[in-house]
There are 2 protein chains.
Amino acid sequence: MDTITPPVSLLKPMNIPEKIMMGPGPSNCSKRVLTALTNTSLSNFHAELFQVIDEVKDGIRYVFQTRNRTTMCISGSAHAAMEALLCNLLEEGERVLIAVNGIWAERAVEMATRYGADVRILEGPDDKPFPLADLKKAIEQHKPKCLFVTHGDSSSGLLQPLEGLGRVCHENDCLLLVDAVASLCGVPFYMDKWEIDGVYTGSQKVLGAPPGITPISISDKALATIRARKTKSKVFYWDLLLLGNYWGCYDEQKMYHHTVSSNLIFALREALAQIVEEGLDAQIQRRQECARALYRGLSEMGLEIFIKNPKHRLSTVTGIMIPEGVTWWKVSQYAMKNFSLEIQGGLGPTWEKAWRVGIMGECSTLQKVNYYLYAFRESLKATHPEYEFVELKHQNGYH
Amino acid sequence: MDTITPPVSLLKPMNIPEKIMMGPGPSNCSKRVLTALTNTSLSNFHAELFQVIDEVKDGIRYVFQTRNRTTMCISGSAHAAMEALLCNLLEEGERVLIAVNGIWAERAVEMATRYGADVRILEGPDDKPFPLADLKKAIEQHKPKCLFVTHGDSSSGLLQPLEGLGRVCHENDCLLLVDAVASLCGVPFYMDKWEIDGVYTGSQKVLGAPPGITPISISDKALATIRARKTKSKVFYWDLLLLGNYWGCYDEQKMYHHTVSSNLIFALREALAQIVEEGLDAQIQRRQECARALYRGLSEMGLEIFIKNPKHRLSTVTGIMIPEGVTWWKVSQYAMKNFSLEIQGGLGPTWEKAWRVGIMGECSTLQKVNYYLYAFRESLKATHPEYEFVELKHQNGYH
């Protein structure tokens with residue numbers, strides 16, 4: 001048999017252009033975060049890595065607003081963390097209620113089904129959050145072990161209020177699991193105060209770190225549930241008891257589990273440090289100010305927002321309705337070519353209906369929002385000269 | 001309830017020292033690889049990422065010496081890839097035979113057991129490979145669906161010959177799954193010629209890329225087995241049919257699966273490009289030359305090697321027996337403090353018995369091996385003035 005010859009494709013230099021990443025993630029990282037990536041890769045036997053891991057845990061507890069000891073990172077994407085929560089907290093045949101109003105909750109349904117859980121679905125519209133009363137009713141009806149909800153859905157830009165939900169869950173002996181991938185650091189989030197039992201967020205979204213590592217935290221109540229499992233969780237790689245030991249969450253000797261990506265941990269540490277330096281409240285305020293400037297700018301161009309009620313909007317992801325007669329990808333293509341700017345299309349509920357703009361990571365400044373609005377206007381004008389820029393009277397709910 | 005205040009630990013600057021990583025991984029990356037990490041994180045909608053992904057697939061096919069279309073990366077550590085292979089190729093109740101002579105195969109046992117497989121174990125000594133005849137006998141006895149073997153065990157430095165094993169497996173309707181995490185690019189490996197059905201390797205080992213992303217490839221025979229599954233594989237994140245689509249392995253429209261760590265993919269691309277530029281044979285020869293220089297240098301210091309027979313040694317990982325009266329960690333600590341050099345201790349079979357030295361990534365040069373030998377001698381002398389450096393007569397099997 002022939003041997004496989006060296007591929008010529010790898011003999012050419014790699015050239016990745018600089019881009020302004022204002023889709024719903026990955027966002028741009030700061031120079032400080034990117035530089036942190038280039039530190040020496042350390043193994044799990046080095047004191048410097050232990051220290052950074054402890055600092056990362058402190059930072060994660062701060063952004064989640066929790067004192068949970070079981071706080072760490074999953075070595076994988078946010079999808080992996082979603083799956084880690086579900087496969088640790090559910091055993092075969094156990095019931096989970098999933099509130100579905102976007103594609104992330106659909107993913108949770110797919111995952112829980114594969115693990116053999118008894119999956120119950122509460123379906124809602126894509127553009128409105130579930131009222132607390134509806135969630136309460138469904139919990140009382142299905143009596144699930146866990147409820148899964150998405151706090152901020154990046155496929156639509158919808159914000160699901162969570163206040164009061166943890167209390168309702170606990171009154172019904174149910175754990176509350178939350179996807180905060182797109183929402184964290186863009187809107188207030190209080191894991192302990194809101195009695196949330198499990199949460200994860202995306203590094204490459206609002207936090208402004210590279211993708212591939214995912215903060216996760218579970219309550220002591222969730223930990224006790226895992227410790228009381230009758231069977232081991234299916235996935236060794238995500239076993240939160242072993243991982244929690246490895247991340248030094250418990251007062252016991254650390255044991256080797258897998259090789260973490262120290263480079264990603266260093267970068268995440270710097271992203272968290274930047275949030276700590278600025279302060280969580282200031283970060284959230286800044287993003288909400290950016291979002292309001294975006295809404296105003298879009299109104300001036302006559303562009304509607306996918307989520308109609310401003311109270312239901314996630315400041316970090318906004319769906320921009322595609323006007324009739326406009327070919328969305330022509331605008332996106334033009335903006336990339338002429339402005340190195342990502343104007344991303346829709347996904348799930350917004351597919352072919354809206355573009356999605358992200359106010360995340362380093363792109364959460366008024367300067368970047370203004371650049372986005374300028375580039376959007378120029379791209380729309382150039383690709384659709386017939387489009388009439390008529391200001392919206394209702395101002396997308398903002399005055 | 002109190003809010004969680006900003007952690008002071010993150011207000012101090014992070015300071016990761018430069019180290020020479022000559023343990024069994026992570027190894028040092030080249031400047032070119034580390035610089036590649038700092039490119040803009042791209043989402044899965046960008047043509048530049050598609051192109052790099054195609055180049056990475058070309059590179060993986062080259063280092064595995066395969067034409068398999070189902071060639072991609074798992075977004076996680078090598079442990080994740082081990083688990084991905086097992087959970088895709090085994091359904092509940094199906095039989096797997098695992099050849100256990102080191103801690104990686106023990107992990108495979110743990111994982112396959114969690115997925116509900118019928119796990120059969122062939123146990124062997126830690127310091128000798130399984131003879132082909134023994135493996136053949138065990139396959140004929142157990143009639144497993146899959147056989148799992150470790151090509152190079154980084155816990156001992158043992159090399160398991162694989163020639164002829166694929167043929168034996170296929171004659172018995174069994175798939176051959178191989179862990180090549182520590183061996184690839186250090187010793188010859190021919191996936192297609194040796195009829196291997198599933199393999200993965202570690203990015204942070206011999207390849208010289210950062211940890212967190214893991215090359216994997218399966219044969220068309222393995223692909224057909226997955227396509228014929230009666231149940232979906234438990235883990236959505238590792239579903240090789242969905243991932244294969246996402247990585248553009250099949251002639252079908254790509255669908256979103258998860259957000260890959262583009263930064264790690266860029267770095268892996270550059271590590272693979274460096275291998276292609278030098279050539280696989282030259283890389284392997286260079287590492288074997290380094291290993292011989294190491295064996296000679298160790299003999300001169302009177303230090304024995306854990307694996308006695310030179311033919312059974314992995315060029316990329318060498319266990320150095322701890323002489324009587326020597327406290328291993330004192331030597332390691334001294335070397336780190338005075339030479340910024342990692343002299344790592346043992347794991348599994350070598351725990352408290354041997355140090356482990358890696359000839360991987362950027363550390364695979366005679367200059368680095370000589371530095372290692374020099375620093376080792378100085379550290380041993382300084383911490384154990386009573387140690388007598390008496391050259392070994394048998395020269396660790398080398399002359």
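Lettering of chains follows the sequences in order, A, B, ..., and the numbering in each one begins at 1.
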- Note on the structure: Applying a strict 4.5 Å limit to non-hydrogen atoms, the region of A/Met82 in contact with chain B is neither

- Message: Is B/Val235 close to chain A through its backbone or its side chain, or both, or neither, when contacts mean heavy atoms under 4.5 Å?
- Response: both

- Query: Between atom NE2 of B/His46 and atom CD of A/Gln344, what is the distance when rounded to the nearest 0.5 Å?
  - Reply: 6.0 Å

- Verify, without hydrogens or angle tests, whether A/Tyr237 (side chain) and B/Ala81 (backbone) share a donor-acceptor contact under 3.5 angstrom. no

- Option that, when pairs with chain B are counted at under 4.5 Å, heavy atom only, ranks first among A/Ala273, A/Ser75, A/Ser77: A/Ser77

- Item | Test item: B/Asp54 and A/Ser9 side chains (from C-beta on) under 4.5 Å apart, heavy atoms | no

- Item | Close side-chain approach of B/Ile4 to A/Thr66, heavy-atom, < 4.5 Å | no

- By side-chain contact (heavy atoms from CB on, under 4.5 Å), which residues pair with A/Phe50, not counting sequence neighbours? A/Lys254

- Okay, B/Ser41 and chain A: the region with an atom under 4.5 Å from a heavy atom over there is both

- By a 4.5 Å heavy-atom criterion (distance strictly below it), what part of A/Met21 contacts chain B: side chain, backbone, both, or neither? side chain

- With a 4.5 Å cut-off on heavy-atom pairs, point out which of A/Glu48, A/Lys12, A/Gln274, A/Lys234 contacts chain B the most. A/Lys234

- Item | A/Ser43 side chain reached by B/Glu342 side chain, heavy atoms, under 4.5 Å | yes

- Check the angle between the aromatic planes of A/His257 and B/His79 and answer parallel, tilted or perpendicular using the 30° and 60° thresholds. parallel

- Item | Side chain / backbone / both / neither for B/Ser203 at chain A, heavy atoms under 4.5 Å | neither

- Task: Using non-hydrogen atoms and a 4.5 Å limit, figure out which bit of A/Pro24 sits close to chain B: side chain, backbone, both or neither.
- Result: neither

- Task: Count the heavy atoms of every other residue, nucleotide or ligand shown that sit under 6.0 Å from CZ of A/Arg229, and state whether that count exceeds 12.
- Result: yes

- When heavy-atom pairs shorter than 4.5 Å are enumerated against chain B, which of A/Val260, A/Thr259, A/Val52, A/Ile275 gives the highest number? A/Thr259

- For A/Glu277, is it the side chain, the backbone, both or neither that has a heavy atom under 4.5 Å from a heavy atom of chain B? both

- Query: Do you know which of A/Met336, A/Glu18, A/Glu110 has the most heavy-atom pairs with chain B at a distance under 4.5 angstrom?
  - Reply: A/Glu110

- Query: If we only count heavy atoms from C-beta on, is the A/Leu264 to B/Ser261 side-chain gap below 4.5 Å?
  - Reply: yes

- Which bit of A/Tyr190 is near chain B, if near means a heavy-atom gap under 4.5 Å: side chain, backbone, both or neither? side chain

- Would you give the length of the straight line joining atom CZ of A/Phe236 to atom CZ of B/Arg107, rounded to the nearest 0.5 angstrom? 3.5 Å

- Task: Tell me, for A/Leu42 versus chain B, whether the close heavy atoms (under 4.5 Å) come from the side chain, the backbone, both or neither.
- Result: both

- When the 4.5 angstrom heavy-atom criterion is applied to B/Glu55 and chain A, the contacting part is both

- Query: Does some side-chain heavy atom of A/Asn263 sit less than 4.5 Å from a side-chain heavy atom of B/Pro211?
  - Reply: yes

- Item | A/Met14 vs B/Gln51 side-chain heavy atoms within contact, under 4.5 Å | no

- Select, from A/Gly212, A/Gly25, A/Ser233, the one with the greatest count of heavy-atom pairs under 4.5 Å involving chain B. A/Ser233

- Note on the structure: Assert top hit (heavy-atom pairs under 4.5 Å, partner chain B, pool A/Gln204, A/Arg61, A/Glu270, A/Arg269) equals A/Arg269

- Using non-hydrogen atoms and a 4.5 Å limit, figure out which bit of A/Glu92 sits close to chain B: side chain, backbone, both or neither. side chain

- Engaged part of B/Thr5 at the chain A interface, taking heavy atoms whose separation is under 4.5 Å: backbone

- Euclidean distance, A/Leu10 CG relative to B/Asp58 CG, rounded to 0.5 Å: 6.0 Å

- Give me the contact list for residues 27-36 of chain A versus chain B, heavy atoms only, anything under 4.5 Å, ordered by residue number. A/Ser27, A/Asn28, A/Cys29, A/Leu34, A/Ala36

- Item | Part of A/Phe266 within contact of chain B (heavy atom distance under 4.5 Å) | both

- Message: Does any backbone or side-chain atom of B/Val8 lie under 4.5 Å from a heavy atom of chain A? Answer side chain, backbone, both or neither.
- Response: neither

- Task: Taking the side chain as every heavy atom from C-beta outward, state whether B/Arg114 and A/Asp239 have any atom pair closer than 4.5 Å.
- Result: yes

- Region of A/Thr113 in contact with chain B, defined by heavy-atom distances below 4.5 Å: neither

- Message: Using side-chain heavy atoms (C-beta onward) and a distance below 4.5 Å, is B/Thr3 in contact with A/Lys193?
- Response: yes

